[in-house]
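Working notes, structure below.
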Amino acid sequence: MEKTDKPQASQGRKILTRGLTIVVTVLLIVWFLPREEGQLFRYDVGRPWSSGSVIAKFDFPVYKTDEVIKFEQDSLMKQFQPYYNFDTDVEKRMVEKFLKNFQNGLSGLPASYKSLVYNQLHQLYQSGIMETTDYNALVKDTTNMVRVVTGKQAQSLAVGEIFSTLSAYESLFQDEPLASQRQLLQKCNLNEYIEPNLIYDKERSETELADLLSSIPIASGMVISGQKIIDRGEIVDEYTGRVLESFEREVKRRNAAENEMTSTTIGQIIFVTVMVLFFTIYLGLFRRDYFEKPRAIMMLYALITIFPILVSLMVQHNFLSVYILPFAITPIFVRVFMDSRTAFITHAVMVLICAAAVKYQYEFIIVQLVAGLTAIYSLRDLSSRAQVFKTAILVTVASAVIYLGLQLMQTNIVLNIDTDMYVYFIINGILLLLSYPLMYLIERTFGFTSNVTLFELSNTNKGLLRDLSEIAPGTFQHSITVGNLAAEIANRIEANSLLVRTGALYHDIGKMANPVFFTENQATVNPHENMPYTESARIVISHVTEGLKMAEKANLPAIIKNFILTHHGHGLTKYFYIKEQNEHPDEEIDKTPFTYPGPNPFTREQAILIMADAVEAASRSLPEYTEESITNLVERIIDSQLADGYFRECPITFRDIALAKQVLIERLKNIYHTRISYPELQKNEAETAEESSEKPSGIG
């Protein structure tokens with residue numbers, strides 16, 4: 001009962017995890033999608049109307065554009081006169097202060113100067129003094145007027161007729177007698193007796209301005225119900241564009257209600273959910289193996305989520321154009337780490353979701369699908385930086401060409417082509433180059449291994465491989481030979497040859513811990529001769545666990561560590577096991593000390609390695625290298641592996657195994673230079689006697 005419950009519980013967790021992944025993906029995307037109701041019409045002024053005939057369903061005004069309304073508001077603003085209250089108490093207070101401070105006259109000046117200053121202050125306050133900042137804002141246009149309120153009366157005055165606190169002080173010295181004594185008067189700090197007596201009436205001014213602006217009509221005409229607005233093929237001019245915009249605005253106003261926002265959100269949830277479900281169904285039907293890899297699922301759904309969020313943010317904040325976003329990064333990553341079909345499906349779903357937030361959906365979808373297909377076609381196998389650069393150029397060119405085609409389909413006037421879009425495509429191509437450095441981040445985050453990384457790991461001049469060549473040169477040569485054999489098998493059965501070759505280079509690195517215990521590194525002494533067979537088996541088996549430790553210390557990818565673990569599967573160290581059994585014929589020997597920890601291979605590439613490794617190692621012990629001996633060896637070893645169940649857990653076919661045998665036989669024949677036996681020329685007695693007589697004495 002417990003055994004039955006565990007698979008069911010595991011399956012339940014998987015279903016729950018997938019469901020949560022879908023829900024989180026949908027909620028994140030919908031959360032960021034623009035909430036405004038989508039446009040009813042999509043058009044450009046100066047280009048043909050591509051939809052059907054539009055007839056007014058009701059009477060509605062033709063609203064003015066924001067620019068026109070702004071222009072009319074600016075015109076009225078020039079005529080507007082802000083209100084200032086005339087405060088008589090300011091003059092009284094300041095003059096009394098002046099007379100009190102200088103009751104004995106101005107220091108160093110005749111007594112008459114006191115009266116002159118007093119008269120000047122009186123005239124300034126009667127003209128009116130306002131704050132310097134207000135005055136400077138108004139005086140920019142000398143025709144500006146202000147309304148000065150004194151009691152219950154209001155009077156319009158030109159700004160030039162009044163003073164600021166600064167200009168009032170300067171005006172004191174415009175009187176000729178005072179100007180002649182300016183230096184002495186400046187010591188009296190007369191600016192202390194100048195304060196604004198025109199106080200801005202904010203409430204009254206803003207009320208008056210609001211009334212004035214509200215008098216501007218927001219419409220410049222009417223459209224009657226049943227009137228044709230535009231028909232297919234007609235050019236959308238400026239006025240028709242305003243009519244369409246007004247019609248759409250009126251529809252939204254009429255539909256404005258509490259449930260409007262809710263309906264938009266529900267629609268977005270339905271749309272995004274359907275798209276994500278279709279993607280999930282594709283994975284379930286055609287790529288079930290990805291469901292077994294949580295990190296793979298995380299990467300796919302993250303890519304589907306990130307770009308719709310970026311598009312939504314750019315649309316909401318009117319930040320440049322969404323065409324600068326390198327959407328083709330998504331199919332590049334999926335193609336490099338997974339496969340072409342999944343790359344296209346992922347890209348298509350992502351683009352369709354992004355289209356929910358953009359203005360011209362048809363155009364956006366076509367351009368981005370072409371860009372994605374170009375990226376997939378041009379990047380079948382990433383092995384160098386130059387390929388990313390080439391892909392970026394091809395994506396830019398393809399996007400520009402397809403956009404040009406779409407434009408020419410709508411208008412044949414080349415001068416009307418939007419050149420800004422081509423600048424966006426160039427920026428897009430430049431940003432697409434980020435896919436190369438971001439690939440390292442994807443590898444580390446989601447546990448993938450790119451071909452670029454495999455090429456770097458295959459470098460035998462550094463790291464563990466360099467150490468292997470110095471510490472265990474025999475093992476190093478064995479690994480290179482196995483790698484070459486495995487790569488050729490992989491090419492023949494259409495597996496990943498680069499991956500299996502890299503895995504082969506590292507599969508025996510654990511032998512560096514005890515290199516002399518392995519025959520390929522032994523010169524004369526065999527340390528196993530005087531050891532118990534169980535101990536010998538333990539040391540030999542330990543090269544798997546030691547190799548795993550070295551791989552983890554060197555931070556090798558998990559996909560390479562799996563080759564180390566599986567290259568012997570759950571096999572026996574048969575040599576020592578048989579020796580032990582022969583010495584104890586009457587006992588049942590426990591196989592556990594002689595069994596590798598495994599697991600058995602679970603990928604085609606791992607199966608290729610276990611075949612190539614066993615055959616290459618065994619081929620060294622052949623007494624003679626003939627076609628028959630090599631063929632028998634290959635057949636015997638691989639058939640034995642097949643019988644022992646090494647390949648039960650990996651998706652390798654009998655056809656693949658047959659082709660692998662064929663490759664191994666051909667390659668081993670070439671390696672060991674098997675030749676046909678040439679017959680010897682038979683000689684008659686006369687020739688033999690002649691040759692004997694020609695031999696020098698002393699040579700037999």
Side-chain angles (χ1 to χ4, degrees), residues 299-300 302-304 306-307 310-311 314 319-348 350-351 354 364-406 418-459 461-462 487 491 496-499 501-502 557 559:
M299 186 193 79
L300 290 172
L303 291 174
I304 286 178
I306 289 172
F307 279 100
L310 292 176
V311 169
M314 292 182 70
F319 180 73
L320 295 175
S321 169
V322 297
Y323 285 95
I324 68 171
L325 290 175
F327 295 96
I329 278 182
T330 293
I332 286 176
F333 285 163
V334 182
R335 174 64 191 88
V336 168
F337 296 122
M338 294 181 180
D339 60 89
S340 297
R341 185 192 297 183
T342 305
F344 176 73
I345 296 296
T346 306
H347 183 63
M350 179 201 69
V351 167
C354 289
F364 174 81
I365 292 171
I366 295 299
V367 171
Q368 298 308 329
L369 286 181
V370 169
L373 286 171
T374 305
I376 294 170
Y377 293 158
S378 63
L379 204 63
R380 295 184 59 190
D381 185 22
L382 178 64
S383 58
S384 66
R385 296 180 181 88
Q387 288 177 279
V388 176
F389 185 75
K390 173 186 172 184
T391 297
I393 293 176
L394 291 175
V395 168
T396 302
V397 172
S399 300
V401 169
I402 196 66
Y403 181 76
L404 176 63
L406 291 173
D418 185 4
T419 55
D420 289 342
M421 288 294 296
Y422 299 95
V423 176
Y424 298 146
F425 292 142
I426 293 173
I427 297 173
N428 181 295
I430 294 172
L431 293 178
L432 197 59
L433 296 175
L434 293 174
S435 59
Y436 192 86
L438 286 175
M439 205 168 294
Y440 178 80
L441 179 63
I442 293 289
E443 289 187 39
R444 292 300 177 186
T445 304
F446 299 106
F448 290 101
T449 306
S450 68
N451 284 354
V452 175
T453 299
L454 293 177
F455 272 113
E456 292 173 351
L457 292 174
S458 299
N459 187 348
N461 294 317
K462 63 179 183 179
N491 286 329
N496 190 333
S497 59
L498 178 59
L499 172 61
R501 182 178 182 276
T502 308
I559 198 169

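- Within the 4.5 Å cutoff, the side chain of V334 has no heavy atoms near those of the P331 side chain.
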Check your understanding: Yes or no on side chain to side chain contact (heavy atoms under 4.5 Å, CB included) for T449 and L454, after CA distance, side-chain angles and deciding distance?
Key -> CA-CA 7 Å; T449 306; L454 293 177; 3.7 Å; yes
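- If you take OH on Y323 and CG on D420, they are separated by 13.0 Å, rounding to the nearest 0.5 Å.
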Check your understanding: Hey, mind stepping through F344 and L373 against side chain to side chain contact (heavy atoms under 4.5 Å, CB included) and telling me if it holds?
Key -> CA-CA 7 Å; F344 176 73; L373 286 171; 3.4 Å; yes
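- To the nearest 0.5 Å, the span separating CD1 on I376 from CZ on R341 amounts to 12.0 Å.
- Here the closest heavy-atom approach between residue T396 and residue A392 is recorded as OG1-O, 2.8 Å.
- Side-chain contact between N451 and V336: absent, with no pair of heavy atoms (C-beta onward) separated by less than 4.5 Å.
- Atom CE of residue M299 and atom CD1 of residue I304 lie 10.0 Å apart, to the nearest 0.5 angstrom.
- With hydrogens and angles disregarded, a donor-acceptor distance shorter than 3.5 Å links the side chain of H347 to the backbone of Q368.
- Put simply, the side chain of P557 reaches to within 4.5 Å of the side chain of L457, judged on heavy atoms.
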Practice item. Starting from the C-alpha separation in whole Å, work towards a yes-or-no answer on side chain to side chain contact (heavy atoms under 4.5 Å, CB included) for M314 and I324. Key: CA-CA 10 Å; M314 292 182 70; I324 68 171; 4.0 Å; yes
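- For the residue pair V351 and I365, the shortest heavy atom distance occurs at CG1-CA, 3.9 Å.
- Taking the six-membered ring for Trp, F448 and F337 have ring centres closer than 6.0 Å.
- Here the CD1 atom belonging to I430 is positioned 11.0 Å from the CD1 atom belonging to I393, to the nearest 0.5 angstrom.
- Below 30°, between 30° and 60°, or above 60°: for F307 and F327 the angle between ring planes is between 30° and 60°, a tilted geometry.
- Of all heavy-atom pairs between V370 and T374, the closest is O-OG1, 2.8 Å.
- In this structure, CG on L379 lies 9.5 Å from OG on S340, to the nearest 0.5 angstrom.
- Of all non-hydrogen atoms in F333 and S435, the two that sit nearest each other are CE2-O, 3.4 Å.
- Note: L434 CG to I332 CD1 = 10.5 Å, rounded to the nearest 0.5 Å.
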Exercise for review: Check step by step if side chain to side chain contact (heavy atoms under 4.5 Å, CB included) holds for V367 and L406.
Suggested key: CA-CA 9 Å; V367 171; L406 291 173; 4.2 Å; yes
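- Between L498 and F455, some side-chain heavy-atom pair lies under the 4.5 Å cut-off.
- Shown here for L303 and M350, the closest heavy-atom pair between the two residues is O-SD, 3.9 Å.
- The ring pair (Phe, Tyr, Trp, His ring centres under 6.0 Å) with Y403 is formed by just one residue from the set Y424, F364, Y422; it is Y422.
- Put simply, the side chain of Y377 does not reach to within 4.5 Å of the side chain of L394, judged on heavy atoms.
- Among all heavy-atom pairs drawn from A371 and A328, the shortest one is O-CB, 4.2 Å.
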